[in-house]
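I have placed the structure first, in the form of structure tokens, so that the comments after it can refer back to it.
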Amino acid sequence: MQLARRFLYVVIAVMTGVAAVTGCGGGDRPDDRPRASVKPSRAHRPVHDPPVKFATDAGITMPMEATSGRLTVGGTLDGELPVVLNEQIAFVAAPDNVQAVDTATGNLVGRIEPNGSPLGSVEAMGDDNPAQAPVIVKGAGFTILIAPFVVETAGTGTQAEHTLVELTGSNAETAKVMWRLPVRLPSWADSSYSTVSAAVVGTLDHIGVLTVANDDHAVSYGIDLAAHRILWTQAGFDAVAVAGSTAVGATVQDGTRERAVGYDVTSGKRKWFGEHSYELSVRGAGPHLITVNGRDYGSGDSYYRLLDARTGTVRQNLPSGLFGSSCRYDAKDTVVCAGMGSQSQVVCALDATSGKMLWQLPDKQADRIAPEVAAAWHGRVYGETGNGPVILDARSGDDVPAHPAIVPRLLNESTALALDDSGDQLMAYPTAG
């Protein structure tokens with residue numbers, strides 16, 4: 001792995017020094033979009049790790065693609081944002097482009113676009129945005145952004161047109177494309193009646209895992225990000241995360257997700273698979289764990305389990321009140337699972353390595369209710385109750401004495417993304433303490 005990692009660093013260093021193909025586009029844009037900028041801003045913001053205060057008077061409006069298809073009428077967000085943060089730069093993904101926005105100035109650093117013809121756009125899809133967040137890969141002296149686009153190649157003569165994925169690797173500071181890899185898809189993608197979506201679900205050293213799916217089919221690929229080639233292909237595998245050296249997800253047969261399964265990221269060989277189920281959902285839960293919920297195919301009994309991603313071994317059966325909750329890794333040492341229980345919001349925290357339960361809310365004995373959780377980062381849990389925005393200590397569950405004023409949906413040490421007071425617009429706020 002060390003040799004492969006050094007090879008990736010050399011490849012990136014060489015490619016950065018040669019003429020790169022940029023994805024920056026032109027054209028008229030609405031006034032609320034980021035302003036075009038020749039160079040990325042160098043006015044770096046102060047950092048606070050983890051932040052508990054935010055400068056709500058210095059917010060920057062984010063592009064509408066950040067919330068398209070995810071903002072409800074009631075002013076809440078449904079689903080994860082198609083955004084990744086790299087320091088103060090926010091990369092906002094859409095089916096036909098990725099915008100790089102400097103959250104300190106509102107300037108558009110660049111726009112990454114495919115060479116092929118994208119299958120859709122936010123506008124063409126009725127303001128829907130099926131794109132998922134791009135992936136940041138960091139190494140010694142470089143940071144690249146990996147973003148896939150589903151595109152169509154035009155037929156010529158007797159050559160038929162085809163749907164494929166154009167995988168791009170871009171300089172994360174300039175948003176300039178450094179390389180492109182076309183990934184040919186199975187025949188079902190050429191005639192799909194449902195949206196074909198693509199996402200890089202995780203990386204291990206120089207290998208990324210790309211998954212492509214529609215309502216009825218899925219296929220996943222192991223991609224060598226240094227040599228820009230496909231290492232392995234697994235048809236019928238809907239990968240959702242990379243946990244350690246394992247790509248985890250579900251098998252797909254005739255439109256049904258049937259079994260949780262894990263494949264080796266490097267070789268593509270199957271490491272384990274779970275029981276036959278229906279109504280199955282598999283989700284990543286940090287660097288070592290995954291959650292699996294569904295119903296046993298034979299008995300019909302429902303289950304919600306925490307599994308070791310490396311072996312598929314059940315670490316523990318999670319409380320029935322948490323069935324259907326989603327889990328977030330705080331990028332430190334804690335996994336926070338939260339959702340709507342039978343009567344109220346429920347939240348619990350687990351050790352990211354052992355899976356041990358650390359705390360759970362609501363706690364009737366302590367007269368404490370559970371917040372609706374929006375984010376977890378570096379030992380803090382961000383959410384809200386009927387009393388307003390709250391921050392909890394991720395390890396103890398205790399309230400942090402702070403008045404955050406906003407509910408971050410995505411954040412790092414310098415920037416927090418949150419809805420404004422109207423609930424209609426996603427803003428980028430500087431951290432302030």
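The model shown is predicted, which means the values in this text are computed figures rather than measured ones. Side chains included, hydrogens not; waters and symmetry mates left out as well; all remaining heavy atoms used.
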Inset, instruction - Would you tell me whether Asn412 and Glu87 have side-chain atoms, one donor and one acceptor, within less than 3.5 Å of each other? - result: no
Inset, instruction - Give yes when the SG atoms of Cys337 and Cys327 are nearer than 2.5 Å, otherwise give no. - result: yes
Legend entry - Pairing of Arg305 and Glu275 as salt bridge, 4.0 angstrom limit: yes
Legend entry - Chi angles and distances behind the salt bridge (charged side-chain N to carboxylate O under 4.0 Å, His left out) call for Asp264, Arg270: CA-CA 6 Å; Asp264 183 81; Arg270 193 177 70 187; over 6 Å; no
Inset, instruction - Kindly give the heavy-atom pair with the smallest separation between Thr163 and Leu119, and that separation in Å. - result: CG2-CD1, 3.8 Å
Inset, instruction - Tell me, with the steps shown, if His162 and Arg184 meet side chain to side chain donor-acceptor pair (under 3.5 Å). - result: CA-CA 8 Å; His162 289 289; Arg184 179 72 180 271; 3.0 Å; yes
Legend entry - Side-chain donor-acceptor pair present, Thr251, Arg257, cut-off under 3.5 Å: no
Inset, instruction - Give me the ring orientation class for Phe237 and Tyr263: parallel if the planes are under 30° apart, tilted from 30 to 60°, perpendicular past 60°. - result: tilted
Legend entry - Stepwise salt bridge (charged side-chain N to carboxylate O under 4.0 Å, His left out) test for Asp308 and Arg310: CA-CA 6 Å; Asp308 187 316; Arg310 297 165 295 183; 2.9 Å; yes
Legend entry - Ion pair Arg295/Asp301, N-O distance below 4.0 Å: no
Legend entry - Shortest non-hydrogen separation from Ala376 to Val336 and the atoms involved: CB-CG2, 4.1 Å
Inset, instruction - Please determine, by modelled atom types, if Gln132 and Glu80 share a side-chain donor-acceptor pair under 3.5 angstrom. - result: no
Inset, instruction - Identify whether the distance between the nearest side-chain nitrogen and carboxylate oxygen of Asp393 and Arg380 falls below 4.0 Å. - result: yes
Inset, instruction - Answer yes if the side chains of Tyr304 and Ser325 hold a donor-acceptor pair under 3.5 Å, and no otherwise. - result: yes
Inset, instruction - Verify the distance criterion only: is there a donor paired with an acceptor across the side chains of Asp420 and Ser422 at less than 3.5 Å? - result: yes
